[in-house]
Amino acid sequence: MTQVLIAGAGATGMTLAIELLRRNIAVRLVDSASGPFPGSRGKGVQPRSLEIFDLIGIADQMVAASSLYPFMKVHFGPFGFKTGSLGTHHPSSEARPYPNMLMIPQWRTEEILRAHLIKLGGRIEYDAGLAAVEQSGEGVTATLTSGEGIKAEYLIGCDGGRSATRKAVGLELGGRTLDGKTMIVADLEIENLDRTYWHVWPRTRGGPSSLCPLPNTDLFQLQSPEAIAENGLEKGILRATGKRVRRVAWQSRFHHQIRMVDRYRVGRVLLAGDAAHIHPPSGAQGLNTGIQDAWNLGWKLAWAVRAGNGDVLDSYEQERLPVAAAMLDLTKTLHVQASRERGDLTNQLALNYRDSPLSKGEPSGGIFPGDRVADRRLADGRRLFDLLRHTGATQLMRRDRRHVLVRPDGYVAQITDTKVMEYAGEAVRHVDVDH
Ligand SMILES: Cc1cc2nc3c(=O)[nH]c(=O)nc-3n(C[C@H](O)[C@H](O)[C@H](O)COP(=O)(O)OP(=O)(O)OC[C@H]3O[C@@H](n4cnc5c(N)ncnc54)[C@H](O)[C@@H]3O)c2cc1C
């Protein structure tokens, strides 16, 4: 029997598989597609996701593949006006090594995750869609579209907005589509368009259209109402922007949706990422929230499998469902108000699990159980994140005996005056932070 079956090898499914492989859990990762996702779609990667990539050990590659968000240029006929940026341009500091949202085409983020997954001994089974699920107290039996049956201790549905896993366990995505419009997202090579700016044409057919330069490619990402392409995409873009399309590398359609489930877990089946919540692009939260679902779930699932007891998995929904709800509220507001406000609202650094049953005891010195642990330089010159980069929990030992126990995902579990030897089924690493 497989320990964990993951349906869907997008960013969420791969992050989860990496977290499980790091902990020597046997994983099968199946995907209905015939190969990797080729589009730039979710291109905004938030500071907290970058911190997670740092802890996984792939942040340098992400940064090398990225750019900062460019300033925007709004076009009215022959006139173009430079305006603000959707991203911040702050310098980094010890506490915030990744202060800005970075732009990385989604296919590139996934490529880096996939290479790391393979390095850890994992693999993706393509053309292997999940079709049906049955479960009992002991395990799950999933049937693939090929007819193959897979028995697993747990099944995690990371299979996107149309999740077959979600449907199989009878959960529904509640919520709504924000406006009736069908939108196009496409990766295009465009003749003679300045790559310094994210270009916006506010008055094209059906609403605004924009072309954003994608770093380390010769492509722009188009976001536009579908109406622009009524007589063909290339013709529509030429008419709306005066720019000629040289090549269409990828295109897709989407709607601005605000939807989520009201449960993340049905027995031994759990959902993560777009399978559980769908965001409009404003605020760049969908992919980031999925990566952080997986980051939250990975160590708990490994713990549950090793202990033969899934009780800790309830904390996944208790911690992550309110985050998705808050993010959906935020992205709805940003979308409806066409707001450019970003930064601390959207960077996901302030998210905490203070209300979680796993956050125990009293706060001390301004630190609350459930808070994210920020990076810093210790007295001996070591970087804290380097010391957290292992699979278990870490206890930061302080002279004042207010020892901070940090969960494997970098959030405070407890502040205590005792030395904790074991957490989540693994030995705790002790770090002297005063020397
Ligand atoms: C225009 C646009 C812009 C966006 N911009 C941003 C942004 O800047 N930042 C951001 O954070 N998010 C953004 N998003 C959202 C982001 O793209 C999604 O949130 C992200 O792709 C979700 O990742 P996921 O892994 O959960 O799901 P997906 O990426 O949808 O991956 C699901 C995987 O499951 C597979 N699958 C489907 N059905 C099955 C099945 N039955 N069995 C097995 N496998 C299956 C699919 O082939 C796919 O590989 C944007 C979205 C759009 C449309």
Side-chain angles (χ1 to χ4, degrees), residues 5-17 28-50 66 69 86-87 101-107 109-110 113-114 124-133 142-146 150 155-168 182-187 198 210 212 214 221-224 250-257 259-260 271-294 297 324 327-328 331 334-335 342 346-348:
L5 172 63
I6 302 174
T12 304
M14 284 193 282
T15 305
L16 181 61
R28 274 186 77 175
L29 176 54
V30 299
D31 198 294
S32 56
S34 54
F37 176 69
S40 69
R41 198 171 63 184
K43 63 188 180 307
V45 179
Q46 298 291 350
R48 181 56 185 158
S49 300
L50 292 163
S66 76
Y69 265 58
L86 287 180
M101 171 169 67
L102 297 182
M103 188 182 293
I104 313 173
Q106 184 168 330
W107 64 263
T109 298
E110 293 190 10
L113 284 167
R114 198 162 43 247
I124 299 169
E125 299 174 50
Y126 288 111
D127 289 317
L130 180 116
V133 180
T143 309
L144 302 186
T145 41
S146 62
I150 301 179
L155 164 66
I156 317 299
C158 303
D159 44 354
R162 298 198 178 104
S163 172
T165 312
R166 183 184 68 230
K167 290 172 191 156
T182 302
M183 302 289 294
I184 302 182
V185 53
D187 296 343
W198 182 335
S210 74
C212 175
L214 294 165
Q221 186 191 69
L222 169 80
Q223 282 191 37
S224 156
W250 168 81
Q251 60 174 307
S252 176
R253 304 291 188 271
F254 71 100
H255 296 97
H256 292 124
Q257 299 194 73
R259 293 183 190 277
M260 67 182 289
L271 300 178
D274 271 24
H277 42 76
I278 303 187
H279 306 245
S282 3
Q285 300 298 316
L287 178 106
N288 290 280
T289 306
I291 286 167
Q292 289 173 57
D293 285 348
L297 182 56
M327 286 301 154
L328 280 181
T331 46
L334 294 175
H335 176 85
R342 299 291 189 270
T346 51
N347 63 22
Q348 304 203 354

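In this text the structure is predicted, and so the values were computed from the model without any measurement. Atom set for the values below is all heavy atoms of this structure, side chains included, hydrogens, waters and symmetry mates excluded. Read the numbers this way: they start at 1 and go in the same order the structure lists the ligands and their atoms.
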### Check: Tyr126 and Val30 side chains under 4.5 Å, non-hydrogen atoms
no
### Check: Ser40 and Gln106 side chains under 4.5 Å, non-hydrogen atoms
no
### Message
I need the full list of salt bridge (charged side-chain N to carboxylate O under 4.0 Å, His left out) pairs touching residues 33-45, with sequence neighbours left out, sorted by first then second residue.
### Response
none
### Query
Sequence neighbours excluded, which residues qualify as side-chain hydrogen bond (donor to acceptor under 3.5 Å, both in side chains) partners of Gln348?
Gln285, Thr289, Gln292
Ligand 1: which protein N/O atoms lie under 3.5 Å from its N/O atoms?
from, atom 1, to, atom 2, distance (Å)
ligand 1, 5 (N), Arg41, O, 3.4
ligand 1, 8 (O), Lys43, N, 3.4
ligand 1, 8 (O), Gly44, N, 2.8
ligand 1, 9 (N), Gly44, O, 3.1
ligand 1, 11 (O), Gly286, N, 3.3
ligand 1, 11 (O), Leu287, N, 2.8
ligand 1, 11 (O), Asn288, N, 3.1
ligand 1, 11 (O), Asn288, ND2, 2.8
ligand 1, 12 (N), Gly286, N, 3.4
ligand 1, 12 (N), Leu287, N, 3.0
ligand 1, 17 (O), Arg41, NE, 3.1
ligand 1, 17 (O), Gln106, OE1, 2.9
ligand 1, 19 (O), Asp274, OD1, 2.7
ligand 1, 19 (O), Asp274, OD2, 3.4
ligand 1, 19 (O), Leu287, N, 3.0
ligand 1, 21 (O), Arg41, NH2, 2.7
ligand 1, 21 (O), Gln106, NE2, 2.9
ligand 1, 25 (O), Ala11, N, 3.3
ligand 1, 25 (O), Thr12, N, 3.1
ligand 1, 25 (O), Thr12, OG1, 3.2
ligand 1, 26 (O), Thr12, OG1, 2.8
ligand 1, 26 (O), Asp274, N, 3.0
ligand 1, 29 (O), Arg41, NH2, 3.0
ligand 1, 36 (N), Ser32, OG, 3.3
ligand 1, 38 (N), Ser32, OG, 3.4
ligand 1, 41 (N), Leu130, O, 3.2
ligand 1, 42 (N), Leu130, N, 2.8
ligand 1, 44 (N), Ser32, N, 3.2
ligand 1, 47 (O), Asp31, OD1, 2.7
ligand 1, 49 (O), Asp31, OD1, 3.4
ligand 1, 49 (O), Asp31, OD2, 2.5

### Task
Nearest 0.5 Å please: distance from the CG atom of Leu113 over to the CD1 atom of Ile124.
9.5 Å
### Task
Applying salt bridge (Lys or Arg N to Asp or Glu O under 4.0 Å), name anything that partners Arg253, two or more places apart in sequence or on another chain.
Glu226
